[in-house]
Novice: 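Shown below is the structure under consideration.
Atoms within a ligand are numbered from 1 in the order they appear, just like the ligands themselves. Positions are given from 1, in the same order as the sequence printed here.
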Amino acid sequence: MSDFPLFPPGFVLGAATASYQIEGAVREDGRGPSIWDTYSHTPGLVAGGDTGDVACDHYHRYPRDVALLRELGVGSYRFSVAWPRVVPDGTGPVNPKGLDFYSRLVDELLAAGIEPAVTLYHWDLPQALEDRGGWRVRETAERFAEYTAVVAGHLGDRVPRWITLNEPWCSAFLGYSVGRHAPGAREGRGALAAAHHLLVGHGLAVRALREAGVREVGVTINLDHNLPATGSPADLAAVVRADTQHNLVWTEPLLAGRYPATEEETWGELIADPDFRLDGDLELITQPLDFLGVNYYRPIVVADAPHREGDPARRVATDNRYEEVRLPGARHTAMDWPVVPGTLTDLLVRLKDRYGEALPPVYLTENGSAEDDEVGADGAVHDTDRVAYLRDHLSALREAMDAGVDVRGYYVWSLLDNFEWAYGYGRRFGIVRVDYATQARVPKDSYHWYRAMIAAQPG
Ligand code: IFM
C-alpha cells in the first residue's frame with residue numbers, strides 16, 4: 001500500500017510559476033516596463049528593496065528549469081506570459097523577441113513531454129496602460145483581449161490549457177485599495193471598478209481564445225475559506241462581507257450571471273450607481289468555461305472591525321470593517337498563514353453545493369507553503385513541514401473528489417523559490433531552492449517527495 005494520496009488516471013500533477021517572480025531580464029530583448037517594475041523600484045514598498053530585475057534568471061536558464069520539471073515527472077507546467085514582453089506599451093507594436101522566448105519555452109516543455117498551461121495575466125500590467133488609468137478603466141480590458149489574441153495566435157496550436165487571469169482579487173484589492181501590490185493605489189471605488197474591468201477583460205479574452213480555437217479555457221481565482229472568530233452576530237456579518245469581497249465578487253458573475261446580493265452591505269455607497277457596469281457585461285463574463293482554476297493556501301478567521309471614519313478608501317480594504325485574527329493552536333507557515341488542510345475540502349464542497357452543474361471541472365492551480373528553509377550540513381534542504389503541508393493538502397483534495405467535486409489536477413506553488421511580491425525574496429515557496437547569489441538550484445526534500453508521489457500514481 002502506498003502512503004501517497006492517489007488520484008485517478010489522467011489526473012494532472014503539475015508545478016506553477018509566474019513571469020515577474022522568476023524571469024528577470026526586465027530590460028532585455030525589448031520588454032517594456034510593467035507596474036511591478038515601477039512598484040518594486042519605489043523605495044520602501046518591497047521588503048529589502050528587492051526587485052524582479054534578476055529574480056531566478058529564468059529568462060536565460062529556462063532549459064535547466066525545464067530539465068528540473070522533467071526529472072520531477074510533472075504532467076504539466078503552469079507559467080505566465082509577461083504582457084510587456086509581448087506588447088511593450090500595452091497596445092501597438094508586438095515585440096517578436098518576447099513572443100520567441102515563450103515559443104522556445106513551450107517547445108522545450110513539449111520536447112520534455114510536459115503540457116504547457118499558460119496564464120495570460122499574472123499581474124505585470126504594462127506601465128503605459130496604468131498611466132492611462134490601469135484596471136480602473138475599460139480600455140485596459142480591451143487591450144488585454146488584443147494581447148490575448150496575439151499570444152493565442154502564436155502559441156495556441158501548442159498550448160492546450162489557457163488561464164485568462166490569476167487571482168484578480170489581488171490585482172483589484174491589493175493593487176487599488178490596500179496598496180500592498182502594484183500599482184499601490186489606496187482607493188475605494190477605483191478598486192471596485194478594477195474588479196469589474198478585470199472580469200470584463202476575462203470575458204473578452206475568453207472570446208479571443210475561443211476564436212483562436214484553443215482546447216481548454218479557464219480563469220484562476222484565489223478563494224478564501226472564511227471562518228467566524230466567534231458566533232456573535234457581528235462576526236457572522238463580517239464573514240458575509242469577507243465572503244462577498246473575496247469570493248462572491250468573482251464566483252457570482254463568473255458562474256451564476258449575477259452580482260453578489262450582499263454587495264450593498266459590503267461596500268455601501270461605494271457600489272451605489274456603478275456606472276462602470278454596462279449592459280451586456282454579465283453575458284460576457286458568464287461565458288461557459290472548460291475549467292475553474294482555484295488557488296488555495298489557508299483559512300481566514302474573520303472578526304468584525306469598525307469602519308474608520310474619514311478614510312473612505314479603506315471601506316474596501318481587507319483590514320477594515322473586518323479583520324483577520326490568529327487561529328489558536330494551528331501551525332503557521334513563514335507567511336504566518338495557519339495550516340488547516342481540511343478547509344480545502346470544505347471550500348470545494350461548498351463551491352459545488354452553491355453552484356451545482358454551473359461549476360466547471362476544477363484545477364487547483366496553486367497550493368504550497370513558504371517555510372524558513374535552511375541548507376543542512378549535507379547541502380540538502382530537509383523541509384519536512386512543506387512535505388507535510390503538500391501531503392495533507394493533496395489528501396484533502398482527494399477527499400473533496402470523493403465527496404463529488406470534479407477536480408482534474410493540482411499544481412504545486414512553486415517550482416522555484418522566487419520574488420514573493422511585497423515580501424521580496426524573504427519568503428521561499430519553492431520545492432527547489434534558489435541560491436540568488438549563484439543562481440544554483442537545489443531540489444529540496446519536498447521536490448523528492450513530490451517526485452515519488454507522482455511516480456506512485458496509478459496511470
Ligand atoms: O506567490 C504568490 C503567487 O504569485 C500568487 N498566489 C499566491 C502565491 C503565494 O503568495
Novice: For Thr119 and Asn166, does a side-chain donor sit closer than 3.5 Å to a side-chain acceptor?
Specialist: no

Novice: Run the side chain to side chain donor-acceptor pair (under 3.5 Å) test against Tyr39 and tell me which residues pass, sequence neighbours left out.
Specialist: none

Novice: Not counting sequence neighbours, which residues clear side chain to side chain contact (heavy atoms under 4.5 Å, CB included) with Gln287? List them please.
Specialist: Val206, Arg207, Leu284

Novice: Name the residues with a heavy atom less than 4.0 Å from ligand 1?
Specialist: Gln21, His122, Trp123, Asn166, Glu167, Tyr297, Trp337, Glu366, Trp413, Glu420, Trp421, Phe429

Novice: Does any donor atom in the side chain of Tyr59 or Asp29 lie under 3.5 Å from an acceptor atom in the other side chain?
Specialist: yes

Novice: I'd like to check the side chain to side chain contact (heavy atoms under 4.5 Å, CB included) partners of Val137; sequence neighbours left out, ordered by chain and number.
Specialist: Glu139, Thr140

Novice: Quick one: which of Arg331, Arg427, Arg433, Lys444 gives a salt bridge (charged side-chain N to carboxylate O under 4.0 Å, His left out) with Glu371?
Specialist: Arg331

